[in-house]
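Small disclaimer: the values here were computed from a predicted structure and weren't measured.
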Amino acid sequence: MPTFGIEPVDRNKLKRQLIKSGMRPNDDRDAAFRRVIRSIPKGKVSTYGKVAAAAGYPLYHRAVARLLRIDPDALPWHRVVGVGGEIKVRGEGTAEQRLRLQMEGIKFSGKHVDMEKYEHFLKPWE
């Protein structure tokens with residue numbers, strides 16, 4: 001198959017570059033994430049990936065997690081969960097996140113938030 005002078009894409013290399021980029025602070029990107037996270041109302045949740053996409057940075061879900069790790073006190077961090085409503089915070093943070101969500105009226109099915117009932121639908125580039 002002709003390549004028309006374009007090098008074939010190394011998907012693994014692109015993925016590594018994306019992960020590295022997401023681990024570096026970026027003031028504009030982090031401000032967009034903060035704005036979206038603050039828009040999640042009490043009693044609702046969203047996912048890392050949907051926050052990233054709504055902020056205009058699809059595929060940067062790890063960067064959302066990084067931001068919440070380094071700056072949790074300034075944000076309602078507990079309203080961001082993994083795909084399917086799973087709490088991704090580890091250690092003592094797991095119980096704290098679950099308790100904070102329950103205090104806002106969110107109910108769990110086992111280890112997962114009922115996303116059909118409690119997901120806040122973010123508009124792309126909200």
Novice: So which pairs with a foot in residues 83-101 pass salt bridge (Lys or Arg N to Asp or Glu O under 4.0 Å), sequence neighbours left out?
Specialist: E86-K88, E96-R100
Novice: Do V36 and V64 have side chains that approach each other closer than 4.5 Å (heavy atoms only, starting at C-beta)?
Specialist: no
Novice: In Å and rounded to the nearest 0.5 Å, what is the OG to NZ distance from S109 to K117?
Specialist: 11.5 Å
Novice: Mind checking what makes side-chain hydrogen bond (donor to acceptor under 3.5 Å, both in side chains) contact with E119, not counting sequence neighbours?
Specialist: K50
Novice: Looking at A54 and K123, what are the two nearest heavy atoms and their distance?
Specialist: CB-O, 3.5 Å
Novice: Can you list the residues that meet the side-chain contact (heavy atoms from CB on, under 4.5 Å) rule with N12, with sequence neighbours excluded?
Specialist: D10, R16
Novice: Can you name the closest pair of heavy atoms from A63 and R29 and give their distance?
Specialist: CB-NE, 3.9 Å
Novice: How many angstroms lie between atom CD1 of I40 and atom NE2 of H120, to the nearest 0.5 angstrom?
Specialist: 6.5 Å
Novice: With sequence neighbours left out, write down each residue that passes side-chain hydrogen bond (donor to acceptor under 3.5 Å, both in side chains) with K44, or none if nothing qualifies.
Specialist: none
Novice: Applying side-chain contact (heavy atoms from CB on, under 4.5 Å), can you list everything that pairs with K107, at least two apart in sequence or on another chain?
Specialist: Y118
Novice: Drop me the distance from Q97's CD to Q102's CD, to the nearest 0.5 angstrom.
Specialist: 11.0 Å
Novice: Under the salt bridge (charged side-chain N to carboxylate O under 4.0 Å, His left out) test, which residues partner D114, sequence neighbours left out?
Specialist: none
Novice: What residue pairs, at least two apart or across chains, pass ring pair (Phe, Tyr, Trp, His ring centres under 6.0 Å) with a residue in residues 68-103?
Specialist: none
Novice: I need the R69 CZ to R62 CZ distance, nearest 0.5 Å.
Specialist: 10.5 Å
Novice: Can you tell me how far CG of L122 sits from CD1 of I37, rounded to the nearest 0.5 angstrom?
Specialist: 10.0 Å
Novice: Would you say V45 and L101 make side-chain contact, with heavy atoms under 4.5 Å?
Specialist: yes
Novice: Keeping to residues at least two apart or across chains, list the ring pair (Phe, Tyr, Trp, His ring centres under 6.0 Å) pairs with something in residues 18-54.
Specialist: F33-Y57
Novice: Do F108 and M115 belong to the same hydrophobic cluster, where Ile, Leu, Val, Met, Phe, Trp and Tyr are linked whenever their side-chain heavy atoms lie under 4.5 Å apart, directly or via other members?
Specialist: yes
Novice: Please name all residues satisfying side-chain contact (heavy atoms from CB on, under 4.5 Å) with R34, sequence neighbours left out, ordered by chain then number.
Specialist: D30, R38, L67, D71, L75
Novice: Are any side-chain N or O atoms of T47 and backbone N or O atoms of V81, one a donor and one an acceptor, separated by less than 3.5 Å?
Specialist: no
